[in-house]
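Proteins get letters first, then strands, A, B, ... in listed order; numbering begins at 1 in each. Only a predicted model underlies this, so the values are computations on that prediction, with no experimental measurement involved.
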2 protein chains.
Amino acid sequence: MADKEKLTQALQAKKANMDDWYPEVILKSELADYSKVSGCIVLRPYGYAIWEKIVAVVDEKLKKMGVKNCYFPLLIPESLLAKEQEHVKGFTPEVAWVTETGNSKLDEKLAIRPTSETIMYDSYSKWIQSWRDLPLKLNQWNNVVRWEFKHPKPFLRSREFLWNEGHTVFASEKEAIKDSQEVLDMYHNFVEEYMALAGAKVKKSENEKFAGAVYSMSVECMMPDGKMIQGPDSHFDGQKFAKAYDIKFLNKDGKMEHAWQNTFAISWRMIGVLVASHGDDRGLVLPPKLAPIPVVIVPIYKDDTKKEVMKKAEEISKEMKKFGVHLDDREEYTPGWKFNEWELKGVPLRIEIGPKDIEKKSVVLVRRDTGEKSFVKMSELKDKVPEVLDAIQKNLFEKSKKFLEERTKTAKTYAEMKKLVDGNRVLVDFCNEPACEEKVKGELSAKTTGIPLDDKFNAAKGTGKCIICGKPATCKAYFSKSY
Amino acid sequence: MADKEKLTQALQAKKANMDDWYPEVILKSELADYSKVSGCIVLRPYGYAIWEKIVAVVDEKLKKMGVKNCYFPLLIPESLLAKEQEHVKGFTPEVAWVTETGNSKLDEKLAIRPTSETIMYDSYSKWIQSWRDLPLKLNQWNNVVRWEFKHPKPFLRSREFLWNEGHTVFASEKEAIKDSQEVLDMYHNFVEEYMALAGAKVKKSENEKFAGAVYSMSVECMMPDGKMIQGPDSHFDGQKFAKAYDIKFLNKDGKMEHAWQNTFAISWRMIGVLVASHGDDRGLVLPPKLAPIPVVIVPIYKDDTKKEVMKKAEEISKEMKKFGVHLDDREEYTPGWKFNEWELKGVPLRIEIGPKDIEKKSVVLVRRDTGEKSFVKMSELKDKVPEVLDAIQKNLFEKSKKFLEERTKTAKTYAEMKKLVDGNRVLVDFCNEPACEEKVKGELSAKTTGIPLDDKFNAAKGTGKCIICGKPATCKAYFSKSY
């Protein structure tokens with residue numbers, strides 16, 4: 001914290017300048033750091049602890065849905081990667097290639113997985129023979145590399161990232177579609193309930209769907225600058241990969257059939273969305289359900305009151321262990337220094353305890369999200385703490401929801417959309433033709449960020465003409481600037 | 001199971017031919033599979049579930065020791081890898097190099113991490129400034145690639161593997177040494193208590209220590225053919241890396257000092273040791289504490305008794321949920337088929353329940369390790385199941401311990417060692433000179449598999465002359481064939 005003033009300046013500029021604030025808060029809160037490899041970051045323990053919580057929650061949800069974890073090789077032979085044409089076109093420009101091992105050239109280049117469809121489906125074609133082998137629902141928590149050449153941004157655009165990739169196979173189209181919807185609902189619930197972020201459930205446009213999918217769905221979030229960012233996604237791949245990788249099974253009627261497949265993923269990118277969305281001028285603001293330290297106790301004492309205060313602080317700390325309370329008992333820092341540090345690190349709730357509090361049998365609670373202070377009787381702390389943590393979680397979500405609602409607009413004409421598209425997402429009638437979307441990209445630097453889906457996964461229908469080309473609208477879609 | 005006869009033949013050959021039995025049991029039990037990338041395997045859900053249990057236990061133990069998880073980039077620039085000379089010499093012959101991304105050549109080659117000292121310590125040198133920043137105890141659970149050219153064997157020698165790598169930094173030599181010993185004890189306890197494998201705590205010889213370490217310690221296990229295999233290890237690196245990577249701190253006296261470091265690891269290789277050590281002619285035998293399914297219920301019924309049997313089986317399954325009971329309710333397979341399958345998969349305990357059992361209010365328990373059958377009153381099942389699981393865990397460990405003891409010999413002369421070294425580990429007086437060890441390697445295809453350590457980490461002292469060169473023995477060491 002040597003350059004604390006500089007930090008304060010950068011942080012105070014959140015609204016004014018996200019581009020300065022965002023990396024600064026990530027570095028100073030010790031979530032992550034840059035590395036010697038351009039575009040790749042180090043996830044430090046504080047950031048990794050958030051990722052561990054994300055993994056724990058999502059992993060449990062996936063297991064409840066019958067998905068099993070496994071691990072496939074990092075490296076994929078070039079010939080295997082090339083089997084599904086749309087897929088290979090989508091990914092090869094960003095592949096990191098291994099061409100040498102030790103001092104020898106390899107006969108065939110090996111791709112570091114940008115995603116694992118190709119190597120997994122090669123095994124699937126061996127393992128799946130009969131309807132008895134289906135459904136096959138596998139998932140990996142792993143690292144992938146996509147050597148993007150755009151300007152890197154920690155979490156939001158890193159050349160290597162951690163994620164889950166689920167790859168499921170079904171005996172029928174109906175089962176596959178149902179499952180892909182359940183997966184999207186699971187992710188949507190995670191984003192809203194745990195990350196406290198408003199998430200829009202959408203279907204991707206033809207231009208934006210996953211390379212190899214029949215259609216793609218995703219949860220989209222809004223960043224503080226009003227640009228949208230894609231969160232977790234769920235793709236229905238139909239029989240495309242099954243045909244390319246020869247995944248066939250003998251059905252109950254004794255006939256050979258190609259299988260139906262889905263893929264889905266959530267990545268550490270969401271940590272970046274979390275940081276940007278909830279953070280403020282003093283640093284991170286973490287939702288209690290994902291905070292590595294939900295509650296910190298800062299004892300306040302002088303030499304003569306130290307023993308008494310520390311005794312009480314330890315007592316409270318033990319009693320409140322199940323809420324993830326951390327007692328900051330470091331002697332080399334002042335309480336004021338600690339307040340700043342834990343605020344920077346976004347700890348949702350601070351408990352202050354000093355000699356006067358002990359006299360009054362109370363403590364001070366300070367909320368990170370609102371800064372609100374309250375005095376609470378020690379005897380009531382056990383009930384009050386979970387209550388306040390719950391209130392913080394809800395408040396963060398409500399703020400996020402309100403923000404997205406306020407920034408969601410409708411446009412009837414191209415001119416109207418043009419006026420609104422900077423800082424908002426704009427719902428319009430759309431033909432869903434890639435050419436139309438490319439035109440908007442070129443002219444407005446904006447693209448679709450999804451076709452809205454209702455609770456039953458019906459895509460919003462168009463009600464007139466595409467506001468770009470004037471042909472019949474096949475759907476409604478959001479256009480916005482995006483990450 | 002189409003080729004069940006062939007499988008049975010291969011499995012029955014365990015004692016006769018480990019080389020056939022070992023891969024066959026791994027493939028047929030669906031622990032792992034080969035992949036399109038030579039030397040790299042797919043960890044299938046059943047194998048991954050064992051790895052998840054290993055990770056869960058070790059991770060909890062590490063966290064209790066104050067170690068925190070983090071994630072560093074997969075790729076390491078060539079120049080960074082080259083900073084510590086012994087280290088780079090040890091690893092570069094096996095490095096997989098990324099030289100191209102997309103269609104462009106890279107300016108500098110990037111190594112896929114064979115281990116992460118070099119990239120982690122580059123960050124450490126930035127993060128560590130003062131005694132306040134120490135100790136720093138970080139760990140990664142990740143994948144590494146070592147492109148070995150020896151014949152690959154699933155788990156035991158794979159070109160990519162999963163592991164943990166711990167990298168800790170201390171302000172004093174004393175602290176570092178103490179911590180490295182605690183880590184070795186933790187691993188040793190894990191190997192014996194959870195894997196049910198006898199593990200020998202040893203110090204590695206000068207010839208066998210880790211590239212870059214001052215000294216290395218490890219837990220060594222014996223495979224069924226009497227060859228030794230290295231398990232988890234714990235290295236004291238002194239200030240070697242700190243000097244190469246400039247990791248310095250201001251101590252409490254205001255002076256700059258190089259820090260003291262350790263590294264430690266356990267890899268999925270241990271799954272291979274587990275398979276080979278406990279397995280038998282019928283397949284895997286898993287210790288209850290690491291078995292993905294500790295107990296399976298197989299219901300036995302005909303059409304007229306199905307309803308009654310299934311009702312009872314479901315009841316028992318629910319009651320016993322906390323022991324990890326799985327009810328095999330598949331209708332497309334016979335009980336006999338299921339018995340074979342779960343035996344092949346090494347499930348420690350089988351519960352059989354049929355109409356006659358229900359009449360007698362009892363069930364049949366069948367132990368996988370001994371094949372022993374017993375009849376147990378349903379009312380006593382809740383107490384009996386954990387009791388039997390415990391007995392199985394103990395029995396597997398005792399067998400492993402007895403085997404290691406029987407195969408541990410002492411030799412007074414080189415000729416005696418030569419006679420004993422095939423299928424045993426042989427304790428001899430040794431000078432600990434690399435030249436002497438290389439001689440044994442050349443002549444007997446054997447090497448040291450450690451200098452015995454007592455409970456207080458004292459290395460066994462030599463009591464006479466090195467049986468190889470005749471110079472004064474500085475220690476006692478085991479020689480054996482090894483993996």
Salt bridge flag under 4.0 Å for residues A:Glu341 and A:Lys345: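 Salt bridge between A:Glu341 and A:Lys345, a charged N being under 4.0 Å from a carboxylate O: no.
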
Run the salt-bridge test on B:Asp59 and B:Lys61 with the 4.0 Å N-O cut-off and return the result as yes or no.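 No.
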
Quick check against the 3.5 Å criterion: does B:Ser35 have a side-chain atom that pairs as donor or acceptor with the backbone of B:Val42? no

Under 3.5 Å donor-acceptor, A:Lys338 side chain and A:Arg330 backbone: yes

Partners of A:Leu327 by side chain to side chain contact (heavy atoms under 4.5 Å, CB included), sequence neighbours excluded?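 Side chain to side chain contact (heavy atoms under 4.5 Å, CB included) list for A:Leu327, sorted by chain: A:Ile297, A:Pro299, A:Met310, A:Ala313, A:Glu314, A:Ser317, A:Asp329.
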
Pick from [options]: which one has the most heavy-atom pairs with chain A under 4.5 Å?
options: B:Asn139, B:Ile76, B:Asp33, B:Ile41; result: B:Asp33
options: B:Thr92, B:Leu162, B:Leu80, B:Asn103; result: B:Leu162
options: B:Leu74, B:Leu106, B:Asn142, B:Leu138; result: B:Leu74

Neighbourhood of chain A inside [range], taking heavy atoms under 4.5 Å as contact:
range: residues 44-53 of chain B; result: B:Arg44, B:Pro45, B:Tyr48, B:Glu52
range: residues 116-132 of chain B; result: B:Ile119, B:Asp122, B:Ser123, B:Lys126, B:Trp127, B:Arg132
range: residues 144-156 of chain B; result: B:Val145, B:Trp147, B:Phe149

Looking at every heavy atom in both B:Phe91 and B:Ala211, which two are closest together, and how far apart are they? CE1-CB, 4.4 Å

Quick one: what part of [X] sits under 4.5 Å from any heavy atom of chain B, side chain, backbone, both or neither?
X: A:Glu100; result: both
X: A:Pro93; result: backbone
X: A:Lys105; result: neither

Classify the side-chain pair [X]/[Y] by whether it contains a donor and acceptor separated by less than 3.5 Å.
X: A:Gln140; Y: A:Asn164; value: no
X: B:Glu94; Y: A:Thr101; value: no
X: A:Asp328; Y: A:Tyr333; value: no

Quick one: pull up [atom1] in [X] and [atom2] in [Y] and give me the separation to the nearest 0.5 Å.
X: A:Ser158; Y: A:Asn143; atom1: OG; atom2: CG; value: 12.5 Å
X: A:Trp268; Y: A:Met270; atom1: CH2; atom2: CE; value: 15.0 Å
X: B:Lys109; Y: B:Ser79; atom1: NZ; atom2: OG; value: 12.0 Å
X: B:Lys36; Y: A:Glu108; atom1: NZ; atom2: CD; value: 10.0 Å
X: B:Glu78; Y: B:Asp107; atom1: CD; atom2: CG; value: 12.5 Å
X: B:Arg269; Y: B:Ser267; atom1: CZ; atom2: OG; value: 6.0 Å

pair A:Leu344-A:Trp342: side-chain heavy atoms closer than 4.5 Å: no

Side chains of A:Thr168 and A:Pro135: closer than 4.5 Å at any heavy-atom pair? no

Tell me whether B:Lys89 at atom NZ has more than 12 heavy atoms from other residues, nucleotides or ligands lying less than 6.0 Å away. no

In terms of heavy-atom pairs under 4.5 Å, which option from A:Leu75, A:Val95, A:Val37, A:Asn69 contacts chain B the most?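 Top count of heavy-atom pairs under 4.5 Å with chain B: A:Asn69.
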
When heavy-atom pairs shorter than 4.5 Å are enumerated against chain B, which of A:Glu30, A:Arg159, A:Glu332 gives the highest number? A:Glu332

Is it the backbone or the side chain of B:Phe161 that comes under 4.5 Å from a heavy atom of chain A, or both, or neither?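 Neither the backbone nor the side chain of B:Phe161 comes within 4.5 Å of chain A.
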
B:Lys137 versus chain A, the contacting section by heavy-atom distance below 4.5 Å: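 Looking at B:Lys137, nothing touches chain A.
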
